[in-house]
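Below is one structure, written out as structure tokens; the observations come after it.
Along the sequence shown, residues carry numbers from 1. Computation of the quantities below employed the complete heavy-atom set of this structure, encompassing side-chain atoms and omitting hydrogens, waters and symmetry-equivalent molecules.
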Amino acid sequence: MASAPHLRALTEIDDASLRWIVTGDAKRAAAASALAPGARVTASLGEVLADPDVDVALILTPANTHLEIISASAAAGKAVIVEKPLEVTVARARQAVEVCAQAGVPLAVVHQHRFRAIVPALKTILDEGRLGPLHAIEVRVPWWRAQAYYDEPGRGSYARDGGGVLITQAIHVLDLALYLCGPIAAVCARAMTSPGHDMEAEDLAVAVTEWQCGAIGTILASTAHRPGFNDTIQISGRDGTALLEGEDLTLWEGQGNGKKLGAQAAAPPAHPPPAHPPPAHPPPAHPMDFSHHDHRRFLAATLAAIGQGAAPPVSGLEACRVLELIEAVTESARLKRWVEVRSESTPNGDKRWMLSA
């Protein structure tokens, strides 16, 4: 499902050329070829990896296949860009990082929410300390998926996907929250499969969070919130509050009214910020009905970094951090107690794919 925004994005990046599409499914091949008519189609990964003109492998397959394909690509000397999640478990994700490190090739992971147009403004606000010391961070992903979405074999399973809403949907917003606010130290969670879905893993999870910065907070992750609402990250500190709602940002500083940035900049401000604001732009009914612009910004930045021999903007090591959080939430829900978020994924040096750097 993730191939369409990537293919659309690649057509708009001048320095990128899509040479091959690898799939054994005729229907998927036809759909991909319609978006990338100049690419050759094959069912043989080996044929593609033997092509000396291929510099980068872009892996858009189910999560449980990533390690095998990453290993083959790295062995062939290709840089790797892989869709989230990096793999179905932290252990397999770390194996993927190690494989690329040993081969000396960069590994980048698609977390395109970091490339929402408004995110740099919010990152600057936080880095400059304009909100003061943070004390509350609330992350909400109240999305919706119809049962038909989970009727595809393997979807929402531990074997193919690594879990449910946490690792497949909420991972986008959780990664963005970690990027903005730093690591979470511990979680106390509950998770369930709601009556609205027939699936193996969770479609609803909640957690209380303790952040390393000193804040406390909450996580809500759901594909059971009919008809679906925008994801939000609300960050409160001594001197103000920032509310990121989808692509839009509202900032309250001191005693002033809310200042809207992004697509809602012309809308009248609300004061004070609502605890659970309604969506300004409801999410699409179909999971893939969204703009490819975030993917384009991610791919352009990642390909430029690879071409310059620099670290990718979202390295394999960084992508392990959100998986470590998800595993802690899942473990806490299973054990029904607080669990520390154990992290071994601190980037090293300039080239973050190089573990020994």
Determine whether [X] and [Y] fall in the same hydrophobic cluster, where Ile, Leu, Val, Met, Phe, Trp and Tyr are linked whenever their side-chain heavy atoms lie under 4.5 Å apart.
{"X": "L60", "Y": "L35", "answer": "yes"}
{"X": "L7", "Y": "V110", "answer": "yes"}
{"X": "L67", "Y": "I59", "answer": "no"}
{"X": "V341", "Y": "V139", "answer": "yes"}
{"X": "I235", "Y": "I118", "answer": "yes"}

Task: I81/L299 under side chain to side chain contact (heavy atoms under 4.5 Å, CB included): CA gap, chis, key distance, verdict - done: CA-CA 9 Å; I81 305 174; L299 285 170; 4.2 Å; yes

Task: Verdict with supporting geometry, E12 and H292, side-chain hydrogen bond (donor to acceptor under 3.5 Å, both in side chains) - done: CA-CA 10 Å; E12 299 175 8; H292 64 281; 2.8 Å; yes

Taking atom [atom1] of [X] and atom [atom2] of [Y], what is their separation to the nearest 0.5 Å?
{"X": "R8", "Y": "S291", "atom1": "CZ", "atom2": "OG", "result": "9.5 Å"}
{"X": "I184", "Y": "W211", "atom1": "CD1", "atom2": "CH2", "result": "4.0 Å"}
{"X": "E210", "Y": "C188", "atom1": "CD", "atom2": "SG", "result": "9.5 Å"}
{"X": "Q112", "Y": "H293", "atom1": "CD", "atom2": "NE2", "result": "13.0 Å"}
{"X": "Q212", "Y": "L178", "atom1": "CD", "atom2": "CG", "result": "10.0 Å"}
{"X": "R40", "Y": "I21", "atom1": "CZ", "atom2": "CD1", "result": "12.0 Å"}

Residue pair [X] / [Y], side-chain heavy-atom distance below 4.5 Å:
{"X": "L261", "Y": "D248", "result": "no"}
{"X": "I219", "Y": "V141", "result": "no"}
{"X": "V54", "Y": "W20", "result": "yes"}
{"X": "W143", "Y": "V165", "result": "no"}
{"X": "L251", "Y": "E253", "result": "yes"}
{"X": "I233", "Y": "R140", "result": "no"}
{"X": "V329", "Y": "L174", "result": "no"}
{"X": "I137", "Y": "C213", "result": "yes"}

Return yes if some donor-acceptor pair links the side-chain N/O of [X] with the main-chain N/O of [Y] below 3.5 Å, else return no.
{"X": "E200", "Y": "Y158", "value": "yes"}
{"X": "E202", "Y": "G164", "value": "yes"}
{"X": "T241", "Y": "S236", "value": "no"}
{"X": "S332", "Y": "A328", "value": "no"}

Open item on the list: W252 vs N257, test: side-chain hydrogen bond (donor to acceptor under 3.5 Å, both in side chains). Steps then yes/no.
Closed with: CA-CA 6 Å; W252 292 263; N257 289 335; over 6 Å; no

- [ ] Determine, stepwise, if the pair V97 / L86 fulfils side chain to side chain contact (heavy atoms under 4.5 Å, CB included).
- [x] CA-CA 9 Å; V97 172; L86 175 50; 4.1 Å; yes

How about [X] and [Y]: does a side-chain donor come under 3.5 Å of a side-chain acceptor?
{"X": "E138", "Y": "T218", "result": "no"}
{"X": "S194", "Y": "D203", "result": "yes"}
{"X": "H225", "Y": "S222", "result": "yes"}

TODO: Take R238 and L131, measure what side chain to side chain contact (heavy atoms under 4.5 Å, CB included) needs, and give me the verdict at the end.
DONE: CA-CA 6 Å; R238 180 194 61 201; L131 300 185; over 6 Å; no

- [ ] Dump the intermediate steps for side chain to side chain contact (heavy atoms under 4.5 Å, CB included) on E247 and D294, then the final yes or no.
- [x] CA-CA 10 Å; E247 301 281 349; D294 296 346; 3.1 Å; yes

Task: Ring-ring centroid check W144 H197, cutoff 6.0 Å - done: yes

Near [X] [atom1], under 6.0 Å, is it more than 12 heavy atoms from other residues, nucleotides or ligands?
{"X": "D15", "atom1": "CG", "answer": "no"}
{"X": "R19", "atom1": "CZ", "answer": "yes"}
{"X": "I216", "atom1": "CD1", "answer": "no"}

Task: Criterion side-chain hydrogen bond (donor to acceptor under 3.5 Å, both in side chains) on H66 and E83, from CA distance to verdict - done: CA-CA 9 Å; H66 288 175; E83 253 296 345; over 6 Å; no

Open item on the list: Show every side chain to side chain donor-acceptor pair (under 3.5 Å) that has at least one partner inside residues 180-189, sequence neighbours left out.
Closed with: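 Listed once each, the pairs would be none.
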
TODO: Any pair with a residue in residues 159-184 that passes side chain to side chain donor-acceptor pair (under 3.5 Å), sequence neighbours left out, goes on the list, sorted by first then second residue, please.
DONE: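 Those involving residues 159-184 are R114-D175, Y149-Q169, E152-R160.
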
State whether [X] and [Y] are salt-bridged, where the test is any N-O pair (Lys NZ or Arg NE/NH1/NH2 against Asp/Glu carboxylate O) under 4.0 Å.
{"X": "R94", "Y": "E324", "answer": "yes"}
{"X": "R342", "Y": "E331", "answer": "yes"}
{"X": "D231", "Y": "R116", "answer": "yes"}
{"X": "D239", "Y": "R130", "answer": "no"}

Which pair of non-hydrogen atoms, one from [X] and one from [Y], has the smallest distance, and what is that distance?
{"X": "A29", "Y": "V41", "result": "CB-CG1, 3.8 Å"}
{"X": "P312", "Y": "A305", "result": "CA-CB, 4.1 Å"}
{"X": "H111", "Y": "K84", "result": "CE1-CB, 3.6 Å"}
{"X": "T193", "Y": "A201", "result": "OG1-O, 2.7 Å"}
{"X": "V88", "Y": "A159", "result": "CG1-O, 4.2 Å"}
{"X": "S44", "Y": "V22", "result": "C-CG1, 4.2 Å"}

